[in-house]
Amino acid sequence: MEEMKAEEKIEDENGTSLFHQLTAQRNDVEEDMKIVLQRLIVIARLPRGLADRTELGAYYEKLNFQLSKQYIWDHMTGLLLIYPSCLLHIIESSREVLVSVLKDLKDMQQQPDSTLLEAAKVVFMAHNPPSRLFQQWSYKVLDADQGAEDSVTKGPDEEEESTETLVCTVLSALQKLGEHLKISKAVPGSGLDTSPGPIVSQEVLNKLLAREELMTPQQHLQMYNSPLHISMDFGQVMRSSCLTTV
């Protein structure tokens, strides 16, 4: 009996018992299932007839829940900012989850009676960023003054703002917001109330919505499914050094 206990003790110490082997196998599976993180930033215009903007938040909460059941290992984080006339949505997860979000956007826009959003555009896609900006997903309905121009750091003369400059303005503001949330450990949505950093202005988003260089969800998916597998990122913006910090 003592010899058997001694052997079991040695197995435990060496990690050769059945329990350790099964645990190791499970860890190997979990290691294999680790996702390659990607970050998607989309914008869209809100219909004039949308009376209750919290409906958008509820819709994406439901979509997040559905995707979490479909992709168990692919934790989705991000922030949905709902302005009076448009929205800004940042999603961080696997490519499969982001493609699902884009497909949902495309399907929503193709519905003639869609009442939640319209004219969606892909602002940026980050492949394998070093870390997440947000630790969970949430949404925030913004008042008009929260998305006003004086709440952001103004860039060059408006007439000279290129699409690349506008995209960099969005990315810079999100980077600062992410740093603030990391320090304060606040939920993304509620963290905006105490954030000393800038929030992307509604005016900047409306300018981006009018830029033809930005792809629609349908165009993005078509490029993703093309045989050439062309890069998904906004081509000219990728050459900008400011984007490497996000």
pair [X]-[Y]: side-chain heavy atoms closer than 4.5 Å:
X: Leu80; Y: Lys140; answer: no
X: Leu171; Y: Val123; answer: no
X: Arg45; Y: Leu117; answer: no
X: Pro217; Y: Val42; answer: no
X: Gln219; Y: Thr216; answer: yes
X: Ile90; Y: Thr77; answer: no
X: Ser100; Y: Tyr71; answer: yes
X: Leu37; Y: Ser94; answer: no

**Shortest non-hydrogen separation from Arg211 to Lys121 and the atoms involved** =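 Taking every non-hydrogen atom into account, O-NZ, 2.9 Å.
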**Request:** Considering non-hydrogen atoms only, spot the tightest contact between Leu98 and Ser93 and give its length.
**Result:**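 Nearest pair, atom of Leu98 first, then Ser93: CD2-N, 4.2 Å.
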Please round to the nearest 0.5 Å and tell me the distance separating atom [atom1] of [X] and atom [atom2] of [Y].
X: Arg95; Y: Asn128; atom1: CZ; atom2: CG; result: 13.0 Å
X: Leu214; Y: Thr163; atom1: CG; atom2: OG1; result: 6.0 Å
X: Lys62; Y: Leu67; atom1: NZ; atom2: CG; result: 12.0 Å
X: Leu166; Y: Leu205; atom1: CG; atom2: CG; result: 9.5 Å
X: Leu208; Y: Cys86; atom1: CG; atom2: SG; result: 9.5 Å
X: Leu102; Y: Met215; atom1: CG; atom2: CE; result: 9.5 Å

**Message:** Heavy-atom count check: over 12 atoms from other residues, nucleotides or ligands less than 6.0 Å from Glu212 CD?
**Reply:**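 Not more than 12 within 6.0 Å, no.
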Heavy-atom donor-acceptor pair, [X] side chain to [Y] backbone, under 3.5 Å:
X: Gln109; Y: Lys106; value: no
X: Thr54; Y: Gly57; value: no
X: Arg53; Y: Ile82; value: yes
X: Gln202; Y: Ser85; value: yes

**Request:** Test Leu79 against Leu177 for side chain to side chain contact (heavy atoms under 4.5 Å, CB included), laying out the working first.
**Result:** CA-CA 11 Å; Leu79 176 63; Leu177 176 60; 3.7 Å; yes
**Asked** side chain to side chain contact (heavy atoms under 4.5 Å, CB included) between His127 and Arg39: does it pass, once the steps are laid out?
**Response** CA-CA 7 Å; His127 301 283; Arg39 182 180 300 125; over 6 Å; no
**Request:** Apply the test side chain to side chain contact (heavy atoms under 4.5 Å, CB included) to residues Ile41 and Val122: give CA-CA distance (whole Å), side-chain angles for both, the deciding distance (0.1 Å), then the verdict.
**Result:** CA-CA 6 Å; Ile41 302 176; Val122 177; over 6 Å; no
**Message:** Under the side-chain hydrogen bond (donor to acceptor under 3.5 Å, both in side chains) test against Trp137, which residue among Glu92, Glu61, His75, His89 passes?
**Reply:**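 Filter result, single survivor: His89.
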**Message:** Looking only at the side chains, is there a donor atom on one of Thr165 and Ser162 sitting less than 3.5 Å from an acceptor on the other?
**Reply:**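 Yes, Ser162 and Thr165 have a side-chain donor paired with an acceptor closer than 3.5 Å.
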**Residue pair Asp104 / Tyr59, side-chain donor-acceptor N/O under 3.5 Å** =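 Result is yes, a qualifying pair exists.
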**Request:** Is it possible for you to say whether Leu50 and Leu63 belong to one hydrophobic cluster, with membership spreading through side-chain heavy-atom contacts below 4.5 Å?
**Result:**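 Linked, Leu50 and Leu63 end up in one cluster.
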**Message:** Let's go through Asn206 and Ile43 carefully: what are the C-alpha distance in whole Å and the side-chain angles of both, what is the deciding distance for side chain to side chain contact (heavy atoms under 4.5 Å, CB included) to 0.1 Å, and is it a yes or a no?
**Reply:** CA-CA 9 Å; Asn206 284 328; Ile43 55 177; over 6 Å; no
